[in-house]
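Scroll down for the structure; my scribbles are underneath it.
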Amino acid sequence: MPELPEVETIARGLDKRVRGDVIESIWLGSKPEPLKSTAKEIAATLEAKRISQVRRVGKHIVFDLAEHRPSRSRKKSRKADPPSQNAQWIVHLGMTGRMLVCEPSAEIEKHTHAIAQLGSGRELRFVDPRRFGRLSVTHGFAAPGSEPLEVELDRFVSLFRNRKTPIKSALLNQSLLSGVGNIYADESLFRAGIRPRRRASSLTREDLRRLYLAIQEVLKEAIALGGSSISDYVDADGEEGFFQLQHRVYGREGEPCLVCKTPIKRVVLAGRSSHYCPKCQK
DNA sequence: ACTATGTCCTGCGAGC
DNA sequence: TGCTCGCAGGACATAG
């Protein structure tokens, strides 16, 4: 479901609602796909931990955990460790994953794969019909690619300069940039005036500079509007996003370009729908 | 090392 | 009404 702006919105909402709460126990469903770490490992890492913070890294939600009832010896060893070595719960929502904060009495939705009981009496539930989402535990999590809103221009240019693959495919490659997905790749390429099939290596430094600025602009606008609500996406508070109203090419095949009225085209690239204006994008 | 393609899943809407 | 088909916000494994 979610790309960077949606995950950012969800992580902020979760941080507001569960920061400081304690995970008392966790139930994990029997379907193996959603678990990247073993169930045993996840349970052992999460139980009796306090959620010190919830944040976004790439398209991942990171729950930073702290000992809730540290023993004397643990406390001592924790002092010696850098904060980055504290345990973390990593949630990737895939296409259809959701994290819900609810009362235990709330009906358990179909495709619920994990339920964490919280000290506040509430529950944190992971629901994901398509099971493309993943749960794992780790220490010092880092996304493989650069953060689009933090990367410097020179670094950005060097990521794409020598790639023969279409620029759209390169934008979706999370080991280059972490967080851009199908919607925001299309929207950024439109704003930068670049066709999705252009070879990344054919782009001039000026092209890449425009793309760099377009990506940041699109992502910031989308975050400000709470992300794009397509089908049933809602954030942690059940609020819809509104950036879908700002889409200029995504999902608009055949509709007139908002700039020049030319019908928007759709092609399939790397197995993903790609939308562009054949006149505005070169 | 890089690139292109298939696969993992369920649910929904379009078209018949 | 009910069926089949294509499509969906993602990311891996695999083969070339």
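Naming convention: chains lettered A, B, ... in sequence-line order (proteins, then strands); numbering from 1 in each chain.
Checking C:dT14 for Watson-Crick or G-U wobble geometry (two distances, each under 3.5 Å) identifies B:dA4 as its partner. Of the nucleotides present, B:dC12 is the one that pairs with C:dG6 by Watson-Crick or G-U wobble criteria, both distances under 3.5 Å.
The pair A:R209-A:E206 meets the salt-bridge criterion, since a charged nitrogen lies less than 4.0 angstrom from a carboxylate oxygen. Classification of A:K31 and A:D128 as a salt-bridged pair fails, no side-chain N sitting under 4.0 Å from a carboxylate O.
Of the possible donor and acceptor atoms, one in the side chain of A:S178 sits under 3.5 Å from a partner among the backbone N and O of A:Q174. Checked by atom type and distance alone, the side chain of A:S52 pairs as donor or acceptor with a backbone atom of A:D64 at under 3.5 Å.
Closest approach of A:L65 to A:N86, counting heavy atoms only: O-CB, 3.4 Å.
Taking atom CG of residue A:L171 and atom P of nucleotide C:dG9, one finds them 15 Å apart after rounding to whole Å. One atom, NE2 of A:H275, and another, P of C:dC7, lie 11 Å apart when rounded to the nearest Å. Residue A:E3 contributes atom CD, which lies 9 Å from atom P of C:dA11 at whole-angstrom precision. When rounded to the nearest whole Å, the span between CG of A:N182 and P of C:dA11 equals 11 Å. Straight-line distance from the CG atom of A:N173 to the P atom of C:dG10: 13 Å, rounded to whole Å. Taking atom CZ of residue A:R161 and atom P of nucleotide B:dA1, one finds them 21 Å apart after rounding to whole Å. If you measure from atom CZ of A:R163 to atom C1' of B:dT3, you get 10 Å, rounded to the nearest angstrom. If you measure from atom CD1 of A:I167 to atom P of B:dC2, you get 15 Å, rounded to the nearest angstrom.
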For residues 265-272 of chain A, tabulate all N or O donor-acceptor pairs below 3.5 Å that involve a side-chain atom, not counting sequence neighbours.
| residue | atom | partner | partner atom | Å |
| --- | --- | --- | --- | --- |
| A:R266 | NE | A:E253 | OE1 | 3.3 |
| A:R266 | NH1 | A:S273 | OG | 2.3 |

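A donor-acceptor contact closer than 3.5 angstrom links the side chains of A:K168 and A:S274. Between A:R122 and A:S120, the side chains place a donor N or O and an acceptor N or O closer than 3.5 Å (distance only, hydrogens not considered).
Residue contacts shown for A:Y250 are limited to sugar-phosphate atoms, with no base heavy atom under 4.0 Å away. Looking at heavy-atom distances under 4.0 Å, A:P166 makes contact with sugar-phosphate atoms alone, never a base. If you check every strand for non-hydrogen atoms under 4.0 Å, A:S273 touches sugar and phosphate atoms only.
Considering only heavy atoms from C-beta on, A:R191 comes within 4.5 Å of A:E217 through its side chain.
Which of B:dC9, C:dA11, C:dG9 sits closest to the side chain of A:S228 comes down to C:dG9. Checking B:dT10, C:dA8, B:dT3 against every side-chain atom of A:H111, the shortest atom distance belongs to B:dT10.
In the region residues 127-135 of chain A, proximity to DNA chain B at under 4.0 angstrom, judged on heavy atoms, holds for A:P129, A:R130, A:R131, A:F132.
Note on A:R266: a side-chain N or O is less than 4.0 Å away from OP1 or OP2 of C:dC7. Between A:R272 and C:dG9, a side-chain N or O to OP1/OP2 separation shorter than 4.0 Å is present. An OP1 or OP2 oxygen of C:dG10 is reached within less than 4.0 angstrom by a side-chain nitrogen or oxygen of A:K59. For A:K110 and B:dG11, the shortest distance from a side-chain N or O to OP1 or OP2 is below 4.0 Å. At B:dA4, one or more side-chain N or O atoms of A:T165 fall inside 4.0 Å of OP1 or OP2 (strictly under the cut-off).
Using atom C1' as the reference point in both B:dG11 and C:dC12, the two lie 22 Å apart (nearest Å). Taking atom P on both B:dG6 and C:dG6, the two are 15 Å apart, rounded to the nearest angstrom.
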task = List the steps and the verdict of side-chain hydrogen bond (donor to acceptor under 3.5 Å, both in side chains) for A:E47 and A:S25.
result = CA-CA 5 Å; A:E47 285 175 359; A:S25 60; 5.2 Å; no

Between N or O atoms, less than 3.5 Å apart, protein on one side and nucleotides 12-16 of chain B on the other: list the pairs.
none

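For A:Y184 and A:F243, the ring centers are positioned less than 6.0 Å apart.
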